Peer 1: 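Dropping a structure here in C-alpha cells format, bear with me for questions.
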Amino acid sequence: MTSTDAATGGTAPGGAADRSRRLQALLELLAARGGRLSVAEAAAALQVSEPTVRRDFTTLATQQLVTRTHGGIVASSVAYDLPVRYRHRGDRGAKERIAATAAGLVEPGSVVGLNGGTTTSATARHLAARPDLAQATARPALTVVTNALNIATEMVLRPSVRTVILGGVALPQSYELTGPLTTMVMQSLWLDVLILGVDGFSTDGTSCHDESEAGIDALMVTRARRVVVVAGSEKLGRHSFAKICDASAVDTLVTDDAADAQVVADLRAAGVTVLLA
C-alpha cells in the first residue's frame, strides 16, 4: 500500500471516514466528467492506486450508485449531494448505522414514505442497496413516497422501486417540496411506514427548523401506519422551531449508541421503541 493509500483509506485510524470522503469525491468527479469515469482517471485525480479505485468502484456499484463498465464506471444517479444546510455534520459512521438499521425495518412490498434530510437520504440509499429488494420477482419490490427531490431522483433509477414524488414548491435550502399541492397529493395516499428525519426529538415530540416542512411531515405522520424516526443522538432531548408530532405518534426511534441514557429511558417510558445502532 502506498503512503497516499494509507492516508485515504486502508487501516489507518480514521480510515473509514477518509474512505467515505473518497467515495464522495469519486461521485463528484464522475459528475464533473459527464457521467463516465475510468480507473486511470480516478487514480490520477485522487492520487491513489488503481486497486484502491477498483475497490471503491465496487463499493459504489454495490450501493447501486454507479454501474461498472470495463475499466471504469458510469453514473446510475444524478443526485450526489444535498444543499449546504443538510451536508454532513457529526459522526458519518453513526448516521450510516442508523440508516442501515432503519432500512432493515422495511418489509418488501411496503409503501414507505421519506422526508428530506441526510439521514433519510442515507436510509433511502440503504433501501435501494438491499439485495432482497433488487432480486425480488414481484414488482415493485418497494414503493417510495417522498417530497425530497434528491431522494426521488436517486430512487427513480432503481428498477425494483416505484417512486412517487409529491408535487409542490421546491425549497432550495433542502430540496423538499411543500405547499397546497404537496398537501393535496399526500392526503390521497397511505403509507405502511414513514421514515421521518427530524431536528429534535424529546418527550414533547418531534420538531424541525422550517414550519412549512413541519406541516408536510405532520401530514405524512397521520397517513402512516407506522412511524420510524431516524435521528442522531445529538438531536435527542431537544426541540427545534416547528413541531411535527407528539412523541405518542412515533412507534420507533433509531439512533446511535451515544444517546443519553436518561433521554432514551424517558422516550421508552413514553411508549417509543428505541433501537441503538
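Quick note: residue numbers are just sequence positions, from 1. Keep in mind the model is a prediction, meaning the values are calculated, not measured.
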Peer 1: Does the side chain of Leu142 reach to within under 4.5 Å of the side chain of Ser110, using non-hydrogen atoms?
Peer 2: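 Yes - at least one pair of side-chain heavy atoms lies under 4.5 Å apart.
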Peer 1: Decide whether Val221 and Val185 are clustered together by the hydrophobic rule: side chain heavy atoms of Ile, Leu, Val, Met, Phe, Trp, Tyr closer than 4.5 Å, transitively.
Peer 2: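 Hydrophobic grouping puts Val221 with Val185.
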Peer 1: Between Asn147 (side chain only) and Leu166 (backbone N and O only), is there a donor and an acceptor less than 3.5 Å apart?
Peer 2: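 No; judged by distance alone, with no hydrogens or angles, the pair does not exist.
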Peer 1: Any heavy-atom pair between the side chains of Ile73 and Thr67 that's under 4.5 Å?
Peer 2: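 SC-SC contact between Thr67 and Ile73 ruled out.
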Peer 1: At their closest point, which heavy atom of Ser240 faces which heavy atom of Gly200, and how far apart are they?
Peer 2: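 Where Ser240 meets Gly200 most closely, the heavy atoms are OG-N, 4.1 Å.
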Peer 1: Looking at CE of Met186 and CZ of Arg223, how far apart are the two atoms once the value is rounded to the nearest 0.5 Å?
Peer 2: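 If we round to the nearest 0.5 Å, Met186:CE and Arg223:CZ are 6.5 Å apart.
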Peer 1: Taking the side chain as every heavy atom from C-beta outward, state whether Val193 and Val228 have any pair of such atoms under 4.5 Å apart.
Peer 2: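 Side chain of Val193 against side chain of Val228, heavy atoms only: contact under 4.5 Å found.
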Peer 1: Can you name the residues that form a salt bridge (charged side-chain N to carboxylate O under 4.0 Å, His left out) with Asp56, not counting sequence neighbours?
Peer 2: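 Salt bridge (charged side-chain N to carboxylate O under 4.0 Å, His left out) list for Asp56, sorted by chain: Arg19, Arg22.
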Peer 1: Is there a side-chain contact (heavy atoms from CB on, under 4.5 Å) between Arg158 and Glu154 once you walk through the steps?
Peer 2: CA-CA 8 Å; Arg158 317 294 179 164; Glu154 189 163 320; 3.3 Å; yes
Peer 1: Scan residues 177-188 for pairs that pass side-chain hydrogen bond (donor to acceptor under 3.5 Å, both in side chains), counting only residues two or more places apart or in two chains.
Peer 2: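 Listed once each, the pairs would be none.
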Peer 1: Show your working on side-chain contact (heavy atoms from CB on, under 4.5 Å) between Leu191 and Val112 and close with a plain yes or no.
Peer 2: CA-CA 6 Å; Leu191 307 174; Val112 55; over 6 Å; no
Peer 1: Give a yes or no on whether Ile165 and Met220 share a hydrophobic cluster (residues Ile, Leu, Val, Met, Phe, Trp, Tyr; joining criterion: side-chain heavy atoms under 4.5 Å apart).
Peer 2: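 Different hydrophobic clusters.
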Peer 1: Between Ser202 and Asp204, is there a donor-acceptor pair closer than 3.5 Å when you use the side chain of the first and the backbone of the second?
Peer 2: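 The answer is yes, because a donor-acceptor pair under 3.5 Å joins these two groups.
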Peer 1: Does either side chain, that of Thr58 or that of Arg68, offer a donor lying less than 3.5 Å from an acceptor on the other one?
Peer 2: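 Yes - a donor-acceptor pair under 3.5 Å links their side chains.
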Peer 1: A side-chain contact here means heavy atoms from C-beta on lying under 4.5 Å apart; do Leu127 and Val106 qualify?
Peer 2: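 Yes; the side chains approach each other to less than 4.5 Å.
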Peer 1: When rounded to the nearest 0.5 angstrom, what distance separates CG in Leu60 from CG in Leu30?
Peer 2: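 The distance works out to 8.5 Å.
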Peer 1: Looking at every heavy atom in both Gly179 and Ile216, which two are closest together, and how far apart are they?
Peer 2: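 Smallest interatomic distance, heavy atoms only, reads O-CD1, 4.1 Å.
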Peer 1: Please answer: with hydrophobic residues joined when any side-chain heavy atoms are less than 4.5 Å apart, are Leu27 and Leu46 in the same cluster?
Peer 2: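 As far as the 4.5 Å side-chain criterion goes, Leu46 and Leu27 are connected within one cluster.
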Peer 1: So Val39 and Phe57, do their side chains get closer than 4.5 Å, heavy atoms only?
Peer 2: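 Phe57 vs Val39: side chains touch.
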Peer 1: According to side chain to side chain contact (heavy atoms under 4.5 Å, CB included), who are the partners of Ala43, at least two apart in sequence or on a separate chain?
Peer 2: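 For Ala43 the side chain to side chain contact (heavy atoms under 4.5 Å, CB included) partners, ignoring immediate neighbours, are Glu50, Val53.
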Peer 1: Same hydrophobic cluster for Met155 and Ile195, using side-chain heavy-atom links shorter than 4.5 Å among ILVMFWY?
Peer 2: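 Met155 clusters together with Ile195.
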Peer 1: How long is the gap from OG1 on Thr52 to CD on Gln47, to the nearest 0.5 Å?
Peer 2: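 Taking OG1 in Thr52 and CD in Gln47, the distance rounds to 13.0 Å.
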Peer 1: May I ask whether Leu194 and Leu105 are part of the same hydrophobic cluster, defined by side-chain heavy atoms of I, L, V, M, F, W, Y residues being less than 4.5 angstrom apart, directly or through others?
Peer 2: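 Leu194 and Leu105: separate clusters.
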Peer 1: Starting at NZ of Lys235, measure out to OG1 of Thr206 and round the result to the nearest 0.5 Å.
Peer 2: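 OG1 of Thr206 is found 11.5 Å from NZ of Lys235.
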Peer 1: Mind listing the closest non-hydrogen atom pair of Ala170 and Leu149 along with its distance?
Peer 2: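 So the minimum-distance heavy-atom pair works out to CB-CD1, 3.8 Å.
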Peer 1: What pairs of donor and acceptor atoms, side-chain ones from residues 259-277 against any protein atom, are under 3.5 angstrom apart with sequence neighbours left out?
Peer 2:
{"residue": "Asp260", "atom": "OD1", "partner": "Gln262", "partner atom": "N", "Å": "3.0"}
{"residue": "Asp260", "atom": "OD1", "partner": "Val263", "partner atom": "N", "Å": "3.0"}
{"residue": "Gln262", "atom": "NE2", "partner": "Asp266", "partner atom": "OD1", "Å": "2.8"}
{"residue": "Arg268", "atom": "NH2", "partner": "Val274", "partner atom": "O", "Å": "3.0"}

Peer 1: Okay, side chain of Arg130, backbone of Ala103: is any donor-acceptor separation there less than 3.5 Å?
Peer 2: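 The answer is yes, because a donor-acceptor pair under 3.5 Å joins these two groups.
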Peer 1: With salt bridge (charged side-chain N to carboxylate O under 4.0 Å, His left out) as the criterion, how do Arg238 and Glu234 come out once you've worked through the C-alpha distance, each side chain's angles and the decisive distance to 0.1 Å?
Peer 2: CA-CA 9 Å; Arg238 53 170 288 186; Glu234 74 281 358; over 6 Å; no
Peer 1: What distance separates Leu171 CG from Leu177 CG, expressed to the nearest 0.5 Å?
Peer 2: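 CG of Leu177 is found 7.5 Å from CG of Leu171.
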Peer 1: More than 12 foreign heavy atoms under 6.0 Å from NE2 of His126: is that the case here?
Peer 2: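 Atom NE2 in His126 is packed in, count exceeds 12.
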Peer 1: Taking Glu176 for its side chain and Ala148 for its backbone only, find out whether a donor-acceptor pair lies under 3.5 Å.
Peer 2: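 The answer is no, because no donor-acceptor pair under 3.5 Å joins these two groups.
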Peer 1: Do other residues, nucleotides or ligands put more than 12 heavy atoms under 6.0 Å from the CZ atom of Arg162?
Peer 2: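 No, because the 6.0 Å sphere around CZ of Arg162 holds 12 heavy atoms or fewer from other groups.
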Peer 1: Consider only side-chain N and O atoms of Asn115 and Thr146, and report whether a donor and an acceptor are under 3.5 Å apart.
Peer 2: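 Checked: Asn115/Thr146 side chains show no N/O donor-acceptor pair below 3.5 Å.
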Peer 1: Any donor-acceptor pair under 3.5 Å linking the side chain of Gln135 with the backbone of Asp132?
Peer 2: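 A pair under 3.5 Å: no.
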Peer 1: Residues two or more places apart in sequence or in another chain: which of them pass salt bridge (charged side-chain N to carboxylate O under 4.0 Å, His left out) with Asp256?
Peer 2: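 None.
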Peer 1: Applying side-chain contact (heavy atoms from CB on, under 4.5 Å) to Val145 and Val111, what does each step give before you reach the verdict?
Peer 2: CA-CA 7 Å; Val145 176; Val111 178; 3.9 Å; yes
Peer 1: Anything under 3.5 Å between a donor and an acceptor, one on a side chain of residues 244-255, the other on a protein residue two or more places apart or in another chain? List them.
Peer 2:
{"residue": "Asp246", "atom": "OD1", "partner": "Lys243", "partner atom": "NZ", "Å": "2.4"}
{"residue": "Asp251", "atom": "OD2", "partner": "Val227", "partner atom": "N", "Å": "2.7"}
{"residue": "Thr255", "atom": "OG1", "partner": "Ala231", "partner atom": "O", "Å": "2.8"}
{"residue": "Thr255", "atom": "OG1", "partner": "Ser233", "partner atom": "N", "Å": "3.3"}

Peer 1: Work out which heavy atom in Thr143 is nearest to a heavy atom in Pro140; give both atom names and the distance.
Peer 2: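 Taking every non-hydrogen atom into account, OG1-CG, 3.7 Å.
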Peer 1: Could you state the interatomic distance from CG (Asn150) to OG (Ser121), rounded to the nearest 0.5 Å?
Peer 2: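 Here the interatomic distance stands at 4.0 Å.
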Peer 1: Taking it one step at a time, do Val66 and Val74 satisfy side-chain contact (heavy atoms from CB on, under 4.5 Å)?
Peer 2: CA-CA 6 Å; Val66 302; Val74 295; over 6 Å; no
Peer 1: Nearest heavy-atom pair of Ala42 and Leu26: which atoms, and what distance?
Peer 2: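 Minimum heavy-atom contact is CB-CD2, 3.7 Å.
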